[in-house]
Amino acid sequence: MTDYLSSSCKRSTFISSAIQMLNESRDIDRDLSLALIDVDQFRNLNEAHGEAAGDQVLGEVVRICDAILKEAFPELEREGVGVAPLSDG
């Protein structure tokens with residue numbers, strides 16, 4: 001399930017997906033990495049420009065991060081390891 005404005009995974013979806021990936025990585029004895037991104041001054045942006053602007057910024061951050069991950073690690077998908085997307089898009 002994703003947030004309808006930013007297309008990013010909702011917290012509950014993220015947590016259940018993370019648990020599933022952790023269990024799968026243990027089952028096949030494979031390393032698993034996780035990167036968390038903190039958008040600096042996001043609260044100030046929301047307060048100054050409203051939640052709609054904040055949602056647009058989050059959506060763009062998700063889109064950019066997905067593009068960077070797909071470009072930086074194409075070999076992982078070819079080897080069947082995969083890069084988990086931040087969104088459904």
Side-chain angles (χ1 to χ4, degrees):
M1 178 153 263
T2 60
D3 179 84
Y4 75 98
L5 293 171
S6 68
S7 297
S8 61
C9 293
K10 290 191 176 192
R11 178 178 285 197
S12 59
T13 302
F14 171 79
I15 291 171
S16 64
S17 294
I19 291 169
Q20 181 181 353
M21 284 188 246
L22 179 60
N23 289 334
E24 288 172 4
S25 71
R26 285 181 182 159
D27 290 345
I28 61 173
D29 195 29
R30 225 64 207 235
D31 291 334
L32 179 68
S33 296
L34 171 67
L36 298 176
I37 298 170
D38 180 27
V39 180
D40 289 336
Q41 304 298 319
F42 183 74
R43 182 176 181 185
N44 293 340
L45 180 126
N46 256 359
E47 289 174 356
H49 301 284
E51 290 183 9
D55 289 337
Q56 288 179 340
V57 168
L58 284 180
E60 189 65 11
V61 168
V62 168
R63 188 192 67 71
I64 290 169
C65 290
D66 278 346
I68 289 169
L69 287 172
K70 288 174 183 174
E71 184 177 328
F73 302 106
E75 70 281 356
L76 294 179
E77 289 183 310
R78 283 195 304 270
E79 293 175 13
V81 175
V83 174
L86 299 171
S87 70
D88 289 338

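Side chains included, hydrogens not; waters and symmetry mates left out as well; all remaining heavy atoms used.
To the nearest 0.5 Å, atom CG of residue Leu58 and atom CG of residue Asn46 are 7.5 Å apart.
In the model, Gln56 has no side-chain atom that pairs as donor or acceptor with a side-chain atom of Glu60 under 3.5 Å.
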Audit row: Gln20, Ser16, side-chain contact (heavy atoms from CB on, under 4.5 Å) steps and yes/no: CA-CA 6 Å; Gln20 181 181 353; Ser16 64; over 6 Å; no
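With sequence neighbours left out, Asp40 forms a side-chain contact (heavy atoms from CB on, under 4.5 Å) with Asp38.
In plain terms, the two heavy atoms of Leu32 and Ser25 that are nearest each other are CB-OG, 3.8 Å. When all heavy atoms are compared, the tightest approach of Ile37 to Cys65 is CD1-SG, 3.3 Å.
Residues Phe42 and Val61 are members of one and the same hydrophobic cluster, defined by side-chain heavy-atom contacts under 4.5 angstrom among Ile, Leu, Val, Met, Phe, Trp and Tyr.
Here Ile28 sits alone; no ILVMFWY side chain lies under 4.5 Å from its own, so it joins no hydrophobic cluster.
Summarising the local packing, CD of Glu47 is surrounded by more than 12 heavy atoms from other residues, nucleotides or ligands at distances under 6.0 Å.
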